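Have a look at the structure below, then the notes.
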Amino acid sequence: MRIIRYLNKNSSSVLGAVTDQGEIYPLPYSGFMELVNQADLVGVTALKLIESLIAVMEPLEEKIDELELLVPIVAPEVWASGVTYEKSRDARNYETSSEILDNGTCYDKVYDAERPELFFKSTAARTIGPNAPVYLRSDSTWQIPEPEVGLVISKTGRIVGYTIGNDMSCRDIEGDNPLYLPQAKIWRNSCVIGPAIRLAETVEDPYNFQLICRIFRADQLVVEGTANTSQLKRRFEELVSFLIRDNEVFDGTVLLTGTSIVPPNEFTLKENDQIEIEISSIGKLSNPVKLQHSKEVM
Ligand code: DO4
Ligand code: MG
């Protein structure tokens with residue numbers, strides 16, 4: 001069972017349940033965490049609560065591709081993990097011009113350390129959903145998408161859902177100096193989540209998500225890469241436990257879990273590219289790439 005948000009005919013946002021058969025049912029909750037909290041309150045799982053509601057409903061006539069999808073959760077904060085896959089460690093080492101220490105770079109060290117790299121990625125206002133444009137930074141010439149599994153967590157750190165995330169990144173800015181990380185990671189429309197949240201209780205093995213990323217330029221496929229969460233160095237619970245340690249996290253926080261798909265080193269995103277990130281049991285997250293217009297920025 002997956003959860004989406006979409007605009008109805010009156011342009012109001014509606015929470016929807018998508019069954020494994022692709023039928024969509026509107027749900028009487030304003031957001032994903034209201035559904036989860038209501039299920040907790042009545043002592044059932046979110047899946048059971050949805051099943052009891054939709055048993056007496058008719059599905060929508062529309063299929064998912066015909067709906068105007070919104071970000072599936074208005075996450076108050078998005079955090080991200082870094083260097084959780086070998087591929088990411090190697091890519092960071094490639095792009096960095098910082099001093100290589102005798103015993104390895106900061107990326108070598110963090111890959112092996114007990115404490116993972118966690119960083120603040122986005123607020124609700126900077127986070128976009130399916131089909132909305134991701135923006136390029138004007139001061140970077142080496143920008144890529146980072147396809148990642150996103151964990152939707154409650155304020156106690158319980159993993160209640162899985163989604164797809166794109167942690168847009170500037171390799172030149174980060175490579176210049178690791179202290180530039182916030183600028184390499186955070187700007188307008190630099191974080192994408194969606195198109196749906198799969199209820200955690202319906203995922204048999206979260207260490208077997210297969211991710212595919214495709215980038216199209218003028219309708220031609222120019223980059224394609226795959227990864228599997230079986231390649232992850234850490235456990236999802238481990239990442240969450242460091243995020244919530246002595247910290248206040250809010251219901252519906254999303255934690256991105258790192259990338260293992262890196263486009264070829266000579267590749268940078270350009271205006272009008274189209275990014276697609278797919279996990280078959282969650283959906284396909286598609287976004288066009290746009291330049292920001294200075295008018296909008298001021
Ligand atoms: O070390 C910087 C961030 C790396 C990252 O975002 C990732 O591994 O996904
Ligand atoms: Mg990342």
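The first residue of the sequence shown is numbered 1, and numbering continues consecutively from there. The structure displayed is predicted, hence computed values, not measured ones. Worth knowing before you read on, the calculation uses all heavy atoms, side chains too, and leaves out hydrogens, waters and symmetry mates. Counting starts at 1 for both ligands and their atoms, following the listed order.
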Just checking, is any N or O donor in the side chain of [X] or [Y] under 3.5 Å from an acceptor N or O on the other one?
X	Y	answer
Ser88	Arg92	yes
Thr259	Lys87	no
Arg217	Asn272	no

## Note on the structure
Under 2.8 Å from the Mg ion (ligand 2), the protein N, O or S atoms found are Glu146 OE1, Glu148 OE2, Asp167 OD2
### Task
Verify the cluster assignment for Ile193 and Val249: are they in a single hydrophobic cluster under the rule of side-chain heavy atoms below 4.5 Å apart?
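Ile193 does not cluster with Val249.
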Protein N/O near ligand 1 N/O, under 3.5 Å, which pairs?
| from | atom 1 | to | atom 2 | distance (Å) |
| --- | --- | --- | --- | --- |
| ligand 1 | 1 (O) | Glu117 | OE1 | 2.8 |
| ligand 1 | 1 (O) | Glu117 | OE2 | 3.2 |
| ligand 1 | 1 (O) | Glu174 | OE2 | 3.1 |
| ligand 1 | 6 (O) | Glu146 | OE1 | 2.9 |
| ligand 1 | 6 (O) | Asp167 | OD2 | 3.0 |
| ligand 1 | 6 (O) | Lys185 | NZ | 2.7 |
| ligand 1 | 8 (O) | Val83 | N | 2.8 |
| ligand 1 | 8 (O) | Ser88 | OG | 2.6 |
| ligand 1 | 9 (O) | Glu146 | OE1 | 3.0 |
| ligand 1 | 9 (O) | Glu148 | OE2 | 2.9 |
| ligand 1 | 9 (O) | Thr259 | N | 2.9 |

### Over 12 foreign heavy atoms within 6.0 Å of NZ, Lys233
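More than 12 within 6.0 Å, yes.
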#### Entry: Worked verdict on Ser140 versus Asp172 for side-chain hydrogen bond (donor to acceptor under 3.5 Å, both in side chains)
CA-CA 7 Å; Ser140 166; Asp172 47 356; 2.7 Å; yes
### Message
Can you tell me how the ring of Trp142 sits relative to the ring of Tyr94, calling it parallel under 30°, perpendicular over 60° and tilted otherwise?
### Response
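Ring orientation of Trp142 relative to Tyr94: perpendicular.
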### Task
Please confirm whether Tyr85 and Tyr111 have ring centers closer than 6.0 angstrom.
no
### Task
Would you give the length of the straight line joining atom OG1 of Thr19 to atom CD of Glu51, rounded to the nearest 0.5 angstrom?
10.0 Å
